[in-house]
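So that the names make sense, note that chain A is the first sequence line, chain B the second, and so on, each numbered from 1.
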Number of protein chains: 2
Amino acid sequence: MSAKSDPGRSLALLWGSHTRPGRSGLTVRAIVEAAIALADAEGLDAATMRRVADKIGSGTMSLYTHVPGKTELNDLMVDTVIGELYTGVDDPSGRDGWRAGMRYVAERNWDLSLRHPWLLDATGGRPTLGPNALLKYEAELRVLDGIGLTDVQMDSVLTLVLTHVEGVARSHAGLARAQRDSGLTELEWWRATAPVLERVMTGHDFPLAGRVGEASSQVYQASADPVHAFAFGLDVILDGVQRLID
Amino acid sequence: MSAKSDPGRSLALLWGSHTRPGRSGLTVRAIVEAAIALADAEGLDAATMRRVADKIGSGTMSLYTHVPGKTELNDLMVDTVIGELYTGVDDPSGRDGWRAGMRYVAERNWDLSLRHPWLLDATGGRPTLGPNALLKYEAELRVLDGIGLTDVQMDSVLTLVLTHVEGVARSHAGLARAQRDSGLTELEWWRATAPVLERVMTGHDFPLAGRVGEASSQVYQASADPVHAFAFGLDVILDGVQRLID
DNA sequence: GTCCGTCGGCGTACATCGTACGGCACCCGC
DNA sequence: GCGGGTGCCGTACGATGTACGCCGACGGAC
């Protein structure tokens with residue numbers, strides 16, 4: 001791993017032209033798209049420099065001519081898929097009221113995370129100030145503009161909703177990944193776990209955990225239900241925001 | 001990496017005795033504690049099998065006599081630090097009302113994530129049904145028992161609050177990590193980034209993003225403020241829960 | 001007391017990762 | 001036509017988790 005870290009260069013790359021080819025036709029765009037395809041199909045771990053290069057038909061080290069390193073490639077991947085969010089669909093602010101607008105924002109972000117689960121692993125750390133990320137911020141803020149919130153409150157509300165979506169989406173992705181890695185569905189895993197858990201828990205007493213856990217897993221048919229958590233949490237949060245506005 | 005995955009064995013390990021020594025005095029407890037110390041000091045990436053073994057004074061492969069693999073060691077680390085949550089302090093349900101109780105739960109979890117930032121990277125996937133995790137679930141549910149929520153609602157509310165805390169804690173940890181890795185403080189990074197961003201953004205127009213982003217970063221003195229997000233979000237969520245109860 | 005099977009401890013080896021380094025060959029300006 | 005810069009890329013290094021198999025020390029049977 002390199003110790004370098006040049007914010008200026010990263011930013012310039014994010015905003016620059018990705019279609020200017022080198023001698024063999026290699027472009028930044030092609031590299032990023034190959035990496036995204038790999039990550040979509042097999043997870044972020046599969047988006048290896050070697051495998052990306054193979055997919056493109058170039059030598060591994062040739063990638064470094066166009067991209068400083070893995071970190072910057074990740075940033076490019078992130079900003080690229082963020083571009084999918086509101087292109088070809090309605091602007092979030094075109095909805096009827098801030099509540100419907102925020103719900104729409106949440107749903108679009110949720111869908112994006114389902115389509116690209118690796119997004120959650122690739123973000124974190126400093127924000128990715130690419131063009132599409134800024135476009136997204138702008139579009140989402142429009143929903144909250146002019147409804148009686150201060151500027152800081154607008155940012156806080158948006159952050160709150162997005163943090164919620166990210167959290168439940170991460171939970172969803174984690175479960176899906178566990179299922180893929182272990183080869184066990186949620187139900188199979190529970191069937192293998194429950195009896196051992198029962199045996200090992202004898203002597204201890206968890207009345208509430210037992211009662212509530214049982215009720216929940218009965219309803220969810222699983223150990224957790226991110227889809228339900230998404231909807232429930234969004235409702236509660238929007239109710240709280242309502243109260244903030246009044 | 002091995003392809004194995006034995007829920008039964010993992011559970012048994014979590015609940016079993018960690019103090020039974022092998023021939024050279026090596027115990028599961030010692031291994032786990034060394035790994036935690038490493039992760040606390042230098043991040044989860046530093047908790048390598050080789051480095052853990054070195055710290056203990058044993059051969060690398062000897063660890064595998066006591067622990068099936070890295071995954072299971074992570075689970076053990078997680079359940080162990082979860083044990084810190086409510087030991088030696090008040091039970092969350094001893095508070096005055098569910099609201100103060102939930103606030104306490106959120107704060108304890110937030111503190112834990114600050115003390116052990118790697119926790120956020122080590123969880124995810126299926127839940128870690130260790131003894132301390134169950135104790136935590138039980139203790140936290142007590143806060144919400146008998147206030148007019150159904151069992152499923154109790155689980156949903158708790159999940160919502162914990163998801164929020166996890167999200168903002170992850171944001172905090174990400175910023176701290178970026179600062180450590182890049183050697184740039186938040187302010188230094190912004191000073192290096194802002195001018196380039198300004199230059200590259202000419203021609204585009206982000207009126208709201210500019211206005212709101214400026215106002216926020218002025219108040220936070222940074223690109224984001226997880227501490228503020230924690231408090232703000234918690235208030236909003238608890239207001240929403242209040243409404244759910246009424 | 002002796003012997004032997006079992007099992008804890010661990011050295012070596014392998015596939016995989018990101019990437020530093022340096023050589024080769026092409027292409028553009030003179 | 002030719003010299004220098006630059007795109008391309010093969011090789012090599014230090015990590016990682018862990019499979020495999022050897023060694024040597026215990027514990028029970030006689």
Side-chain angles (χ1 to χ4, degrees), chain A residues 1-6 9-10 13 16-31 34-35 38-39 42-77 118 121-122 181-182, chain B residues 1-6 9-10 13 16-31 34-35 38-39 42-77 118 121-122 181-182:
Chain A
M1 295 285 195
S2 166
K4 291 260 189 53
S5 156
D6 181 346
R9 166 134 194 228
S10 300
L13 185 62
S17 160
H18 302 156
T19 54
R20 197 173 43 248
R23 275 210 278 273
S24 70
L26 205 56
T27 65
V28 173
R29 159 111 41 240
I31 294 173
L38 245 13
E42 305 177 44
L44 191 57
D45 288 350
T48 298
M49 293 308 244
R50 279 170 243 258
R51 291 197 57 188
V52 170
D54 279 358
K55 197 175 175 70
I56 300 262
S58 79
T60 305
M61 294 313 290
S62 306
L63 303 184
Y64 288 89
T65 305
H66 302 267
V67 155
K70 190 82 200 288
T71 319
E72 289 81 359
L73 177 53
N74 275 351
D75 286 350
L76 283 163
M77 293 168 67
W118 50 267
D121 302 323
D181 288 354
S182 70
Chain B
M1 297 286 196
S2 164
K4 290 260 189 58
S5 157
D6 182 346
R9 165 132 195 228
S10 300
L13 185 62
S17 160
H18 302 157
T19 54
R20 198 175 42 250
R23 276 212 275 274
S24 71
L26 204 57
T27 65
V28 173
R29 158 111 44 242
I31 294 173
L38 245 13
E42 304 176 46
L44 191 56
D45 288 350
T48 297
M49 293 308 246
R50 278 171 243 257
R51 292 198 56 189
V52 169
D54 279 358
K55 197 174 176 70
I56 300 260
S58 79
T60 305
M61 293 313 289
S62 307
L63 303 185
Y64 287 88
T65 305
H66 300 269
V67 156
K70 190 83 200 292
T71 319
E72 289 81 359
L73 177 53
N74 275 351
D75 286 350
L76 282 163
M77 293 168 67
W118 49 268
D121 301 323
D181 288 354
S182 71

In whole angstroms, the gap separating P of C:dG18 from CG of A:Leu44 amounts to 10 Å
Note to self: I'd like to check A:Asn74 versus A:Leu44 (side-chain heavy atoms, cut-off strictly below 4.5 Å). Are they in contact?
What the structure shows: yes
For A:Glu72 and A:Arg9, what are the C-alpha separation, side-chain angles and deciding distance, and is it a side-chain contact (heavy atoms from CB on, under 4.5 Å)? CA-CA 9 Å; A:Glu72 289 81 359; A:Arg9 166 134 194 228; over 6 Å; no
Of the listed D:dT18, C:dA20, C:dG18, the closest approach to the B:Met61 side chain comes from D:dT18
From CG of A:Leu26 across to P of D:dT6 the rounded distance in Å is 18 Å
Whole-Å distance, B:Asp45 CG to D:dG14 P, equals 20 Å
To the nearest angstrom, the CD-P distance between B:Glu42 and D:dT16 comes to 11 Å
Heavy-atom nearest nucleotide on DNA chain D taken for B:Arg50 and for A:Gly25; more 5' hit belongs to A:Gly25
Whole-Å distance, B:Met49 CE to C:dA13 P, equals 21 Å
Tell me whether the side-chain N/O atoms of B:Ser24 come closer than 4.0 Å to OP1 or OP2 in C:dG9.
yes
DNA chain C nearest-nucleotide lookup for A:Lys70 and B:Pro21: closer to the 5′ end is B:Pro21
Rounded to whole Å, OH of A:Tyr64 lies from P of D:dC9 at a distance of 15 Å
Closest of D:dT18, C:dT19, D:dC8 to the A:Thr65 side chain is D:dC8
In whole angstroms, the gap separating P of C:dC17 from CG of A:Leu63 amounts to 13 Å
When rounded to the nearest 0.5 Å, the distance separating CZ of B:Arg29 from NE2 of B:His66 is 14.0 Å
task = Please confirm whether the backbone N or O of A:Leu13 pairs with a side-chain atom of A:His18, one donor and one acceptor, at under 3.5 Å?
result = yes
Task: Test log, rule side-chain contact (heavy atoms from CB on, under 4.5 Å), inputs B:Thr48 and B:Asp54 - done: CA-CA 10 Å; B:Thr48 297; B:Asp54 279 358; over 6 Å; no
Looking for any heavy atom pair under 4.0 Å, which part of the strands does A:Ser62 touch: base, sugar-phosphate only, or nothing? base
Against the side chain of B:Arg23, the closest entry in C:dC10, C:dG8, C:dT19 is C:dG8
To the nearest angstrom, the NE2-C1' distance between A:His66 and D:dC9 comes to 12 Å
